[in-house]
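Take this structure, written in structure tokens, and hold onto it; I'll ask about it next.
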Amino acid sequence: MALRLYDTKTATVRDFVPLEPGRVSLYYCGATVQGRPHVGHVRSAVAFDLLVRWLEHIGFAVTSVRNVTDIDDKILEKAAASFAADFAGGDDGADPAGEPWFALAHRFEQAFHAAYDALGVRRPTYEPRATGHMTEMFALIERLIEAGHAYPAEDGSGDVYFDVRSWPAYGELTRQALEDMQDAPDADPRGKRDSRDFALWKGHKEGEPETAAWDSPWGRGRPGWHLECSAMSTKYLGSTFDIHGGGLDLRFPHHENELAQSSAAGDGFARHWLHNGMVTYEGEKMSKSVGNTISPDEMLAAARPTAVRYFLGQAQYRSPLDYRPGALQEAEAAVERIETFAARAVETLGEDAVAAAAQQVPAEFAAAMDDDLNVPAALAALHETVRAGNTALDEGAADVAAARAAAVRTMVSVLGLDDVPEAGSGAVSAEHAALAALVDGLLAERAEAKAEKDFARADAIRDRLAAAGVMIEDSREGSRWSLPKEARRG
RNA sequence: GGUGGGGUGGCCGAGUGGCGAGGCAGCGGCCUGCAAAGCCGUCAACGCGGGUUCGAUUCCCGUCCCCACCUCCA
């Protein structure tokens with residue numbers, strides 16, 4: 001069984017063969033921290049988190065690097081706008097006035113971390129920032145100029161461009177011929193040899209903050225968007241590394257340009273290109289201008305965090321992920337089916353029995369994950385195991401049930417579903433202990449009533465607990481209580 | 001115009017040249033004092049028109065429609 005992954009560059013699913021046996025180097029594009037995270041960002045992060053978890057599960061040591069683009073046009077624009085006299089709080093009305101660009105970038109960087117953390121997306125090995133890698137970028141530009149693939153702008157603007165006509169392979173990632181590419185309607189041909197040449201370095205402009213300009217061999221300025229990823233990926237992962245990833249919308253121009261400038265500079269660069277699909281809202285791409293967006297925060301308000309993660313990861317990563325009202329509730333039902341079995345198994349068999357069983361995933365699950373991370377098929381294997389485990393519990397087949405429970409536990413872990421912080425989980429609080437004591441007392445009373453066939457009294461106790469948000473489930477082993485989602489959501 | 005990806009049962013979503021995943025929802029049953037949970041059964045699909053084939057949802061041709069990208073975009 002070998003891992004196979006789709007590769008954008010060859011447009012095929014092919015065997016994944018790491019550069020170094022047992023090790024995987026992964027670079028994937030994180031956010032330009034110019035606004036709050038939206039669902040697309042977290043979907044991408046979950047997709048690559050799933051990749052890392054599966055790689056680790058099958059025995060690879062993974063070095064993952066995700067960049068933070070903390071300097072770009074939009075960041076500067078938004079920061080500049082916050083100084084306007086009539087500033088009204090930006091997109092969501094909550095942005096502070098008079099915020100310097102670096103403060104804005106840093107604030108949103110933290111918002112991204114909060115969103116990732118809330119969904120159990122583990123931190124990459126390293127998260128380099130563009131602004132921290134000027135010397136690496138200068139070196140790359142110099143190599144490109146020396147090789148004849150880049151040139152300082154001919155209009156004295158201080159810009160430096162990549163010369164696409166000097167690089168015949170340009171367009172290879174997305175299989176486009178230069179001639180077929182539409183000129184950008186707003187492309188400013190000033191100083192460019194070809195309108196499709198892209199900026200490696202942007203000369204400082206009048207009115208831009210001095211803090212957003214760095215001295216370079218070509219004058220003061222700031223980096224172009226694509227350069228940082230080439231510079232940072234090769235710095236931390238080597239001139240050739242295994243996987244480069246990002247959202248589908250980054251294929252062109254971002255990744256095409258990265259590939260061009262890195263290979264033109266002589267780097268082997270990424271051996272495998274992975275792109276996750278977009279998130280849609282009832283079939284349409286989410287976009288601010290259409291107004292059909294839902295934020296990670298709104299999702300977390302609508303469903304349990306674990307269910308949100310389940311939803312974001314449940315489609316195959318290359319497929320569009322379609323959100324529609326009700327989708328999160330369906331995910332919640334699926335998650336609770338899995339959790340109910342896991343809890344039931346531990347209650348019936350004991351934690352030791354489950355922990356002692358082999359922590360292996362079913363062959364179907366492994367085969368699905370190996371097949372370009374076919375999560376839907378893997379989830380089918382997971383649910384099938386849950387069903388088999390429930391049957392084993394019903395039949396009193398303890399060994400089988402323990403094995404199924406252990407397998408479920410491992411699959412849940414590979415999918416990162418046990419890594420999502422839930423309200424009320426974690427350390428047992430004093431409040432929880434007090435609640436448990438009270439509920440247990442009532443349950444004992446109810447058991448007594450049931451034993452006496454006083455069902456009216458038993459039901460009254462159940463109703464009373466239900467009114468307080470505590471749900472009771474009876475079984476042969478006794479009654480268990482829980483705080484279902486409605487109560488937790490508060 | 002160019003490039004890539006799609007159209008599967010009530011909804012989501014895998015997959016396959018014949019034995020038709022999985023989840024959610026529905027229906028029937030079992031279990032239960034009642035419920036909940038669980039289990040069993042059940043309903044039901046492959047955009048349209050041709051072709052290849054003993055047989056196609058799966059391969060080929062045509063056609064319609066949808067989505068994404070083409071220098072802001074995860």
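Reminder, nothing fancy here: chain letters follow the sequence lines and each chain counts from 1. Since we're looking at a predicted model, the values are computed, not measured.
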Exercise. Which nucleotide in the set G4(B), C70(B), C40(B) lies at the smallest distance from any side-chain heavy atom of Gln176(A)?
Worked result: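 When the side chain of Gln176(A) is considered, C70(B) is the closest of G4(B), C70(B), C40(B).
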
Exercise. Taking the C1' atom of each, how far is A14(B) from A45(B), in whole Å?
Worked result: 13 Å

For this session: Nearest whole angstrom, please: distance from the C1' of G13(B) to the CZ of Arg318(A).
Result: 15 Å

For this session: Write down the distance between CD (Gln314(A)) and C1' (C24(B)), rounded to a whole number of angstrom.
Result: 10 Å

Seminar exercise, completed: Using Watson-Crick geometry (N1-N3 plus N6-O4 or O6-N4) or G-U wobble (N1-O2, O6-N3), each under 3.5 Å, A56(B) is paired with none

Exercise. Taking only N and O in the side chain of His383(A), is any of them less than 4.0 Å away from OP1 or OP2 of G22(B)?
Worked result: no

Exercise. Would you say Ser82(A)'s side chain and Ala79(A)'s backbone share a donor-acceptor pair under 3.5 angstrom?
Worked result: yes

For this session: Choose from G22(B), A74(B), G4(B) the nucleotide whose nearest atom is closest to any side-chain atom of Tyr6(A).
Result: G4(B)

For this session: Check every atom of U71(B), G33(B), G4(B) against the side chain of Tyr170(A) and return the nucleotide holding the closest atom.
Result: U71(B)

Exercise. Is the shortest side-chain N/O distance from Ser319(A) to OP1 or OP2 of A14(B) below 4.0 Å?
Worked result: yes

For this session: Please measure how far the P atom in G4(B) lies from the corresponding atom in U8(B), and state the result in whole Å.
Result: 23 Å

Exercise. For C39(B), does either OP1 or OP2 sit under 4.0 Å from a side-chain N or O belonging to Asn390(A)?
Worked result: yes

For this session: Check the distance between C31(B)'s C1' and Glu395(A)'s CD and give it to me in whole angstrom.
Result: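 In whole Å, C31(B) C1' lies 13 Å from Glu395(A) CD.
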
Seminar exercise, completed: Of Arg446(A) and Asp197(A), the one whose closest nucleotide on RNA chain B sits nearer the 5' end is Arg446(A)

For this session: Please determine which of Leu415(A), Val121(A), Leu312(A) meets the side chain to side chain contact (heavy atoms under 4.5 Å, CB included) test together with Leu50(A).
Result: Leu415(A)

Exercise. Of all the choices, U71(B), A74(B), A37(B), which nucleotide is nearest to the side chain of Thr340(A) once you look at every atom?
Worked result: A37(B)

Exercise. G13(B), A74(B), G4(B): which one has an atom nearest the side-chain heavy atoms of Arg175(A)?
Worked result: G4(B)

Problem set entry | Atom-to-atom span, CD of Glu473(A) to P of G38(B) - whole angstrom |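 After rounding, the reported distance stands at 8 Å.
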
Problem set entry | C1' atoms of A21(B) and U58(B), separation to the nearest Å | 15 Å

Problem set entry | Separation of the P atoms in U16(B) and G29(B), to the nearest angstrom |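 Straight-line distance between the two P atoms is 38 Å.
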
Seminar exercise, completed: Sequence neighbours excluded, the answer for ring-ring contact (aromatic ring centres under 6.0 Å, His included) partners of Tyr317(A) is none

For this session: Using the P atom as the reference point in each nucleotide, state the distance between C31(B) and A36(B) in Å, no decimals.
Result: 15 Å

Problem set entry | Pair Phe269(A) + Phe241(A): ring centers closer than 6.0 Å | yes

Exercise. Does Arg462(A) make a side-chain N or O approach to OP1 or OP2 of U32(B) shorter than 4.0 Å?
Worked result: no

For this session: Determine yes or no for a side-chain-to-main-chain donor-acceptor pair under 3.5 angstrom, with Gln34(A) supplying the side chain and Lys78(A) the backbone.
Result: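 Checking the backbone N and O of Lys78(A) against the side chain of Gln34(A), no donor-acceptor pair under 3.5 Å is found.
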
Exercise. With both distances under 3.5 angstrom, what nucleotide forms a Watson-Crick or G-U wobble pair with G9(B)?
Worked result: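 Partner of G9(B): none.
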
Exercise. Reckon Ile472(A) touches a base, only the sugar-phosphate, or nothing at all at heavy-atom distances under 4.0 Å?
Worked result: base

Exercise. Are the side chain of Arg309(A) and the backbone N or O of Thr306(A) linked by a donor-acceptor pair below 3.5 Å?
Worked result: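 Such a contact is absent between Arg309(A) side chain and Thr306(A) backbone.
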
Problem set entry | Nearest listed nucleotide, side chain of Pro376(A), among C40(B), C24(B), A21(B) |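 Per side-chain heavy atoms of Pro376(A), the pick is A21(B).
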
Problem set entry | Complementary nucleotide for C69(B) - Watson-Crick or wobble, under 3.5 Å | G2(B)

Exercise. How are the rings of Tyr161(A) and Tyr151(A) set relative to one another: parallel (under 30°), tilted (30 to 60°) or perpendicular (over 60°)?
Worked result: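 The rings of Tyr161(A) and Tyr151(A) sit tilted, inter-plane angle from 30° to 60°.
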
Exercise. Between the base of C70(B) and the side chain of Asp180(A), is there a donor-acceptor distance below 3.5 Å?
Worked result: no

Exercise. Between G2(B) and G9(B), how far is it from one C1' atom to the other, in whole Å?
Worked result: 36 Å

For this session: Look at all strands and tell whether Gly40(A) reaches a base, only sugar-phosphate, or nothing, counting heavy atoms closer than 4.0 Å.
Result: base

For this session: Rounded off to whole Å, could you give me the CG-to-P distance for the Leu312(A) and C12(B) pair?
Result: 18 Å

Exercise. Among the nucleotides G33(B), C24(B), A74(B), which one has an atom lying closest to any side-chain atom of Thr32(A)?
Worked result: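 The answer is A74(B), which lies nearest to the side chain.
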
Exercise. How far does the C1' atom of G7(B) sit from the matching atom of C46(B), given to the nearest Å?
Worked result: 10 Å

Exercise. Between A74(B), G38(B), U71(B), which nucleotide has the shortest distance from any of its atoms to the side chain of Met278(A)?
Worked result: A74(B)

Problem set entry | From A36(B), A21(B), C40(B), nucleotide with atom closest to Thr391(A) side chain |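 From the listed options, C40(B) comes nearest.
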
For this session: Side chain of Asn374(A) only, please: which of C11(B), G15(B), U71(B) is the nearest?
Result: G15(B)

Exercise. Expressed in whole Å, how much space separates the P atoms belonging to G51(B) and C19(B)?
Worked result: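 Pairwise P distance, G51(B) against C19(B), rounds to 22 Å.
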
Exercise. Are Arg480(A) and A37(B) close enough that a side-chain N or O sits under 4.0 Å from OP1 or OP2?
Worked result: no

For this session: Using the six-membered ring wherever Trp is involved, compare the ring planes of His244(A) and Tyr27(A) and label them parallel, tilted or perpendicular (cut-offs 30° and 60°).
Result: tilted

